[in-house]
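One structure is given here, and the rest of the page talks about it.
In listed order, ligands and their atoms are each counted from 1. Note that this is a predicted model, so its numbers are computed, not measured.
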Amino acid sequence: MKVGILGGGQLGRMMLQASANYVVETYVLESSHDCPAAHLCHHFIQGDIRNYDDVYAFGKKLDAITIEIEAVNVDALAQLEKEGVKVYPTPAAIRLIKNKIVQKDFYRSHEIPTPDYLVTNSQAELALHVDFLPAVHKLGEGGYDGKGVQILNEASDISTGFDEPSVLEKKVALKKEIAVIVAMNSRGETAIFPPAEMVADPILNLLDYQLSPAILPEKVLWKAEAIALKVLKNLKSPGLFAVELFIDNNDNVFVNETAPRVHNSGHHTIEANFCSQYDMLWRILLDFPLGNTDAILPSAIVNLVGAEGYSGKVLYENLSAVMQMPNVFVHLYGKNHTKPGRKMGHVTIMSNDYQDLTHKANKIKHLLKVISSD
Ligand code: ADP
């Protein structure tokens, strides 16, 4: 079976690593030969995942196609689907998720809890909604990795809002942010992974590390699972989805957003769950039974990002010391060059004891630095 992945970044790379268990011929479409996934696939095709002709030409010789990022040409995928190529997630689901306005309308129309919002088309229109603040302004299309999101606390912040179609969403008093990965096969059978919890750095307010399974009261867990499954059922698409959820101070659970693909919040599932998120997506693409999502042990993920002040050929400080730690698994994404904030790898830590996880996560964060030799 010939299966293509649109995008050759670190998520594509990890998908390809998991594909080694199956008889499958893998194809990747990406703009640069240097991308993390290029040397792990059977066929690398250079091209633009946003371009109709490139995606169509790439997909028409394949049996199935999936994505590692939603910034793809959906019209080409819709045409390929019409011609009989299996496209998971469906082009309709990708189209819905790609635009945050359409995505929010989807939650509202299906009565899926999400923070209250309104749509603004320009800064002038935004200025009419000062009463709605404090709120979070989110670009309808094109925002990624925090770009395209502005927190507007008061009237004087309006000038930092977007002058394009955007969602203005009520700011939630966050107790916790969690992510629930859910999957569905072509027969409508579903699987749900234990939630992961993002632990933010209270000083820098950056994502510090992640713990899984999240520590949640049972009722909150049930709500989160029910909401994630409701998103999946209403998307009506085979594939694997990460549902990002907010928990507020009153234990209300809201959907923030959904990613129609394998997700950073599921990296730990490679070692820490019986079936990884990557393996699960292969099972769905290749029509095998769904896997067991249970955690083998609790785990933490520390992301390795390029340190401030270093750009150039990458060097990992204290890599050996970290690799010697028991139940610690280092994943490097094979990028030759670092720059501040660039995602270069991650470390998964496994332990029976959450205190031990937190301790090791902090230790690794301080020890393992992504610098450069230039
Ligand atoms: P992106 O798609 O760029 O990751 P998100 O919509 O997930 O953007 O927002 C990024 C972060 O901003 C979230 O993880 C959360 O911490 C904060 N945030 C987003 N929306 C809200 C909200 N309505 N209330 C409070 N915080 C929010």
- Can you tell me how far the CD1 atom of I349 sits from the CG atom of L357, to the nearest 0.5 Å? 6.5 Å

- Please walk me through it: do L286 and V3 pass side-chain contact (heavy atoms from CB on, under 4.5 Å)? CA-CA 9 Å; L286 303 174; V3 179; 4.1 Å; yes

- May I have the step-by-step check of side-chain hydrogen bond (donor to acceptor under 3.5 Å, both in side chains) for E271 and H331, ending in yes or no? CA-CA 11 Å; E271 289 94 2; H331 293 259; 2.7 Å; yes

- For E257, the atoms of ligand 1 under 4.0 Å from one of its heavy atoms are 1 (P), 2 (O), 4 (O), 5 (P), 7 (O)

- Numbering as shown, the atoms of ligand 1 that approach E244 to under 4.0 Å (heavy-atom distance): 7 (O)

- Item | ligand 1 atoms in contact with F246 (distance to a heavy atom under 4.0 Å) | 15 (C), 18 (N), 19 (C), 20 (N), 21 (C), 22 (C), 23 (N), 27 (C)

- Query: Is there at least one pair of N or O atoms, one from N256 and one from ligand 1, spaced under 3.5 Å apart?
  - Reply: yes

- Kindly say whether H110 contributes a backbone atom to a donor-acceptor pair with the side chain of K230 at under 3.5 angstrom? yes

- Task: Indicate, as side chain, backbone, both or neither, the part of I151 found under 4.0 angstrom from ligand 1 when only non-hydrogen atoms are considered.
- Result: neither

- Query: Is M198 in contact with ligand 1, taking contact as a heavy-atom separation below 4.0 Å?
  - Reply: no

- Part of Q150 within contact of ligand 1 (heavy atoms, under 4.0 Å): neither

- Looking only at heavy atoms, is any part of K170 under 4.0 Å from ligand 1, and if so is it the side chain, the backbone, or both, or is it neither? backbone

- Task: Can you figure out which of E169, H137, K138 has its heavy atom closest to atom 6 (O) of ligand 1?
- Result: K138

- Message: Using modelled atom types and a 3.5 Å cut-off, is there a donor and acceptor pairing between side-chain atoms of K171 and backbone atoms of L152?
- Response: no

- Using a 4.0 Å heavy-atom cut-off, say whether V149 meets ligand 1 through its side chain, its backbone, both or neither. side chain

- For the pair R108 (side chain) and Y117 (backbone), establish whether a donor and an acceptor sit closer than 3.5 Å, ignoring hydrogens and angles. yes

- Message: If I apply the N/O under 3.5 Å rule, does V172 come out as touching ligand 1?
- Response: yes

- Task: Please name the pair of heavy atoms, one in K233 and one in T190, separated by the smallest distance, quoted to 0.1 Å.
- Result: CE-CG2, 4.2 Å

- Query: Would I181 and F274 show up in the same hydrophobic cluster when neighbours are defined by side-chain heavy atoms closer than 4.5 Å?
  - Reply: no

- Message: I'd like to know whether ligand 1 has F254 as a neighbour, heavy-atom separation below 4.0 Å.
- Response: no

